[in-house]
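Start at 1 with the first residue, then count along the sequence.
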Amino acid sequence: QVHLVESGGGLVQPGGSLRLSCAASGVIFNINAMGWYRQASGKQRELVARISRLGVTNYADSVAGRFTISRDNSKNTVYLQMNSLKPEDTAVYYCNAHVPAYDIDYWGEGTLVSVSS
């Protein structure tokens, strides 16, 4: 089983920056894509960004140009650099790992990002 632990969330002012980290452990060799999702209060969970094992990325339109996802395969860790944060970015951010061989998704417990003046 894959275990994902997020860190780096917190309170930041609009226009500020945060970097989220997600460390994967357990049976990780079949993981391909990893990504970040978020869920704001009263809203559905949505994709923020994802990255394949080889580094191919895609982003939600709402964060493109402001957020950058990266990955260190040697450390089994994925990052999300968040710049120019807006109040509407406030949400619980969840790390995701996908295992294509079994079409299984694993999820972290989430880390809260709060953007407020």
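For S7, the side chain to side chain contact (heavy atoms under 4.5 Å, CB included) test picks out S21, with sequence neighbours left out.
Annotation for A40 and A91: closest pair N-CB, 3.7 Å, computed over non-hydrogen atoms. Residues C95 and L4 come closest through the heavy atom pair O-CD1, 3.6 Å. Heavy-atom minimum distance, Q39 versus K43: NE2-O, 3.1 Å. Residues S17 and S84 share a closest heavy-atom pair of OG-N, 4.3 Å. Among all heavy-atom pairs drawn from V48 and Y37, the shortest one is CG2-C, 3.9 Å.
If you run salt bridge (Lys or Arg N to Asp or Glu O under 4.0 Å) between R38 and each of E46, E6, E88, only E46 comes through.
Rounding to the nearest 0.5 angstrom, the gap separating the OG1 atom in T111 from the OH atom in Y94 is 10.0 Å. Here the NE2-CG distance, from H98 to N30, works out to 11.0 Å after rounding to the nearest 0.5 Å. Rounding to the nearest 0.5 angstrom, the gap separating the CG atom in N96 from the SG atom in C22 is 8.5 Å. Here the straight-line distance linking atom CE of M34 with atom CG of L80 works out to 12.0 Å at 0.5 Å rounding. Residue T68 holds its OG1 atom at 11.0 Å from CZ of R66, rounded to the nearest 0.5 Å. Rounding to the nearest 0.5 Å gives a distance of 8.5 Å between CG of N76 and CZ of R71.
A chain of hydrophobic side-chain contacts below 4.5 Å, direct or via other Ile, Leu, Val, Met, Phe, Trp or Tyr residues, connects V78 to L18. Following chains of ILVMFWY side-chain contacts shorter than 4.5 Å, one can reach I104 starting from V2, so the two form part of one hydrophobic cluster. L112 and V63 are members of different hydrophobic clusters when ILVMFWY side chains are connected at heavy-atom separations under 4.5 Å. The cluster map of Ile, Leu, Val, Met, Phe, Trp and Tyr, joined by side-chain heavy atoms under 4.5 Å apart, puts Y79 and V12 in different clusters.
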Determine all donor-acceptor pairs shorter than 3.5 Å in which one atom belongs to a side chain in residues 50-58; sequence neighbours excluded.
| unit_1 | atom_1 | unit_2 | atom_2 | d |
| --- | --- | --- | --- | --- |
| S52 | OG | L54 | N | 3.3 |
| S52 | OG | G55 | N | 3.3 |
| S52 | OG | V56 | N | 3.1 |
| R53 | NE | I31 | O | 3.0 |
| R53 | NH2 | F29 | O | 2.8 |
| R53 | NH2 | I31 | O | 2.0 |

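Under the 30°/60° scheme for interplanar angles, the aromatic rings of F67 and Y93 are found to be tilted.
In this structure a side-chain-to-backbone donor-acceptor pair under 3.5 Å is present from Y59 to I69.
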Margin query: I'd like to know whether W107 forms a side chain to side chain contact (heavy atoms under 4.5 Å, CB included) with R45, so could you lay out the CA-CA distance, the side-chain angles of the two residues, the decisive distance to 0.1 Å, and finally the verdict.
Written below: CA-CA 12 Å; W107 297 92; R45 185 176 298 188; 3.2 Å; yes
Notebook entry, point to check: Which is it for V113 and L20 under the side chain to side chain contact (heavy atoms under 4.5 Å, CB included) test, yes or no, and what are the steps along the way?
Noted result: CA-CA 9 Å; V113 172; L20 306 183; 4.1 Å; yes
